[in-house]
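Quick caveat, the model's predicted, so the values are computed rather than measured. Chain letters run A, B, ... following the sequence lines, proteins first, then strands; residues in each count from 1.
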There are 2 protein chains.
Amino acid sequence: MYARKIPPQLNCGLDLVAEVLYGKWKIRLLWFIHEGHRRPGELQRKIPDASRRVLHMQLKELEEHELLRKEIFAEVPLHVEYHLTEFGQTLIPLIAGIGNWGDAHSEQLRRVIGKRIPG
Amino acid sequence: MYARKIPPQLNCGLDLVAEVLYGKWKIRLLWFIHEGHRRPGELQRKIPDASRRVLHMQLKELEEHELLRKEIFAEVPLHVEYHLTEFGQTLIPLIAGIGNWGDAHSEQLRRVIGKRIPG
DNA sequence: TACCACAGGGATAAATTTTTCCCTATTGCG
DNA sequence: CGCAATAGGGAAAAATTTATCCCTGTGGTA
């Protein structure tokens with residue numbers, strides 16, 4: 001990975017959450033896994049804008065942070081499944097809340113985002 | 001600012017939220033402003049780890065995204081206040097939820113974060 | 001005048017994250 | 001064998017974000 005030069009500050013709950021969720025695709029990964037898309041290849045197809053590499057890295061971090069559990073099926077063909085841990089599950093209502101907020105305000109959000117990204 | 005080379009994807013609610021909240025200090029800024037710390041200098045003192053510059057930039061983006069409203073007091077001495085807009089207020093319960101989750105699981109979070117940041 | 005606090009921008013460097021490209025390894029199939 | 005799909009890592013480049021440094025400008029105060 002990349003060895004941080006500036007240590008993160010972990011003062012409050014928000015800092016701690018940021019430390020485990022602040023990655024471009026992490027919340028989407030958790031959400032799609034919660035929806036039942038458990039295999040890496042499947043997740044790559046769900047999130048085609050992300051590079052394959054970074055999805056692997058973020059899945060690994062989520063696993064190290066014990067939000068996901070990795071299960072390796074040494075069958076033929078080999079495959080891998082990620083599942084939410086009990087800890088990870090507790091995050092789902094929050095992610096659902098965020099997604100719902102975004103959906104509920106999508107018109108307004110698209111408008112204000114559009115102010116900065118013309119075209 | 002920085003002109004993006006890769007346009008953001010705005011497919012679902014989560015993408016839209018990311019577009020307005022994905023900045024290292026944005027959630028903290030919204031939270032501290034909600035707590036009544038409305039002036040830029042005050043926010044800088046609350047978040048000493050952030051550079052003065054980036055706080056200004058993120059405040060400006062939050063304002064452009066209509067989550068904050070900026071009020072300039074042309075008094076002596078000059079001062080500025082940021083307030084949550086009505087739209088911004090609707091985000092507060094979500095932020096509170098995230099912070100509470102972090103606080104509630106802070107022991108576990110510190111442990112799993114510590115796995116990656118020894119010392 | 002010199003210095004303080006306030007708010008904030010430009011230019012550039014540094015840090016960090018994400019992408020791109022290419023490699024490993026297993027097993028099945030033609 | 002050659003090639004498919006599976007999962008995943010190393011190295012380096014590119015993109016993006018954040019930090020650092022120095023500047024503007026106002027008005028109060030010593």
Side-chain angles (χ1 to χ4, degrees), chain A residues 1-9 15 18-29 33 37-64 68-83 113 116-117, chain B residues 1-9 15 18-29 33 37-65 68-83 116-117:
Chain A
M1 206 70 53
Y2 173 81
R4 266 190 174 76
K5 294 186 183 175
I6 298 174
Q9 302 300 317
D15 291 338
E19 190 61 23
V20 299
L21 288 189
Y22 203 76
K24 193 165 176 179
W25 310 104
K26 286 188 178 178
I27 290 180
R28 270 84 140 195
L29 285 171
I33 290 168
H37 306 282
R38 307 200 171 85
R39 299 181 53 178
E42 202 176 352
L43 291 163
Q44 283 161 28
R45 285 187 291 274
K46 295 296 288 183
I47 313 178
D49 299 312
S51 70
R52 200 165 48 84
R53 188 81 168 78
V54 83
L55 289 183
H56 280 308
M57 292 193 305
Q58 301 202 346
L59 285 167
K60 191 175 159 192
E61 287 183 17
L62 290 168
E63 189 206 352
E64 287 175 344
L68 295 180
R69 180 171 43 76
K70 181 178 180 177
E71 205 168 338
I72 300 174
F73 293 79
E75 312 165 346
V76 173
L78 162 74
H79 83 274
V80 167
E81 284 186 10
Y82 287 95
H83 291 261
I113 291 168
R116 297 183 53 83
I117 305 161
Chain B
M1 207 70 53
Y2 173 81
R4 267 193 174 73
K5 295 185 182 175
I6 297 174
Q9 302 300 316
D15 291 337
E19 190 60 23
V20 299
L21 289 189
Y22 203 76
K24 193 165 177 181
W25 311 105
K26 286 188 177 178
I27 290 180
R28 270 84 140 198
L29 285 171
I33 289 168
H37 306 282
R38 307 200 170 88
R39 299 181 54 177
E42 202 175 353
L43 291 163
Q44 284 160 28
R45 285 186 292 274
K46 294 295 288 183
I47 314 178
D49 299 312
S51 70
R52 201 164 47 86
R53 187 83 167 78
V54 83
L55 289 183
H56 279 309
M57 292 194 305
Q58 301 202 346
L59 285 167
K60 191 174 160 192
E61 287 183 18
L62 290 168
E63 189 205 353
E64 287 176 344
H65 286 151
L68 295 179
R69 180 171 43 78
K70 181 178 180 176
E71 206 167 338
I72 300 174
F73 293 79
E75 311 165 349
V76 171
L78 162 75
H79 82 274
V80 167
E81 285 186 10
Y82 288 95
H83 291 261
R116 297 183 54 82
I117 304 161

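Looking only at side-chain heavy atoms (C-beta outward), H56(B) and Q44(B) come within less than 4.5 Å of each other. Between I47(B) and L29(B) there is a side-chain heavy-atom pair separated by less than 4.5 Å.
Comparing E42(A) and A3(B), the nucleotide of DNA chain D nearest to each residue sits closer to the 5' end for E42(A). Remark on DNA chain C: of its neighbouring residues K24(A) and R45(B), the 5'-side contact belongs to R45(B), judged by nearest-heavy-atom nucleotide. Projected onto DNA chain C by closest heavy-atom contact, G41(B) and L55(A) fall at different nucleotides, the more 5' of which corresponds to G41(B).
The side chain of I6(B) approaches dT16(D) more closely than any other nucleotide in the set dT6(D), dA7(C), dT16(D). Side-chain proximity of Y22(B) to the nucleotides dG8(C), dT18(D), dT18(C) is greatest for dT18(C). Of the candidates dA7(D), dT16(D), dT18(C), the closest approach to any side-chain atom of R4(B) belongs to dT16(D). Checking dA19(D), dG8(C), dT16(C) against the side-chain heavy atoms of W25(B) singles out dA19(D) as nearest. Picking from dG9(C), dA7(D), dG9(D) the nucleotide with the shortest atom distance to the side chain of R52(B) gives dG9(C). Distance from the side chain of K5(B) is smallest for dT16(D) among the nucleotides dT16(D), dA15(C), dT20(D). When each of dA7(C), dC22(C), dA19(D) is scored by its nearest atom to the side-chain atoms of V54(B), the top-ranked nucleotide is dA19(D). Considering only side-chain atoms of P40(B), the nucleotide from dA7(D), dG8(C), dA15(D) that sits closest is dG8(C). Nearest to the side-chain atoms of H56(B) among the listed nucleotides dG8(C), dT17(C), dA19(D) stands dG8(C). Considering only side-chain atoms of R39(B), the nucleotide from dA7(C), dG8(C), dT6(D) that sits closest is dA7(C).
Regarding contacts with the backbone of dT18(D), a side-chain N or O of Q58(B) is found under 4.0 angstrom from either OP1 or OP2. Using a 4.0 Å cut-off, some side-chain N or O of Y2(B) falls inside it from OP1 or OP2 of dT16(D).
Across all strands, K26(B) comes closer than 4.0 Å to no nucleic acid atom at all (heavy-atom distances).
In this structure, L59(B) atom CG and dG8(C) atom P are separated by 8 Å, rounded to whole Å. Taking atom CD of residue E61(A) and atom P of nucleotide dG8(D), one finds them 14 Å apart after rounding to whole Å. In this structure, CG of D49(B) is placed 9 Å from P of dA19(D), rounded to the nearest angstrom. What separates CG of L78(B) from C1' of dC6(C) is a distance of 6 Å, to the nearest Å.
End-to-end axis angle of the helix from dT1(C)-dA30(D) to dG30(C)-dC1(D), using five pairs per end and rounding to 10°, comes to 30°.
Using a cutoff of 4.0 Å between basic side-chain nitrogens and carboxylate oxygens, E61(B) and K26(B) are scored as salt-bridged.
Judged by distance alone with a 3.5 Å cut-off, no donor-acceptor contact links the side chain of R53(B) to the base of dG8(C).
Looking at K70(A), R69(A), Q58(A) one by one, the single match for side chain to side chain contact (heavy atoms under 4.5 Å, CB included) with E63(A) turns out to be K70(A).
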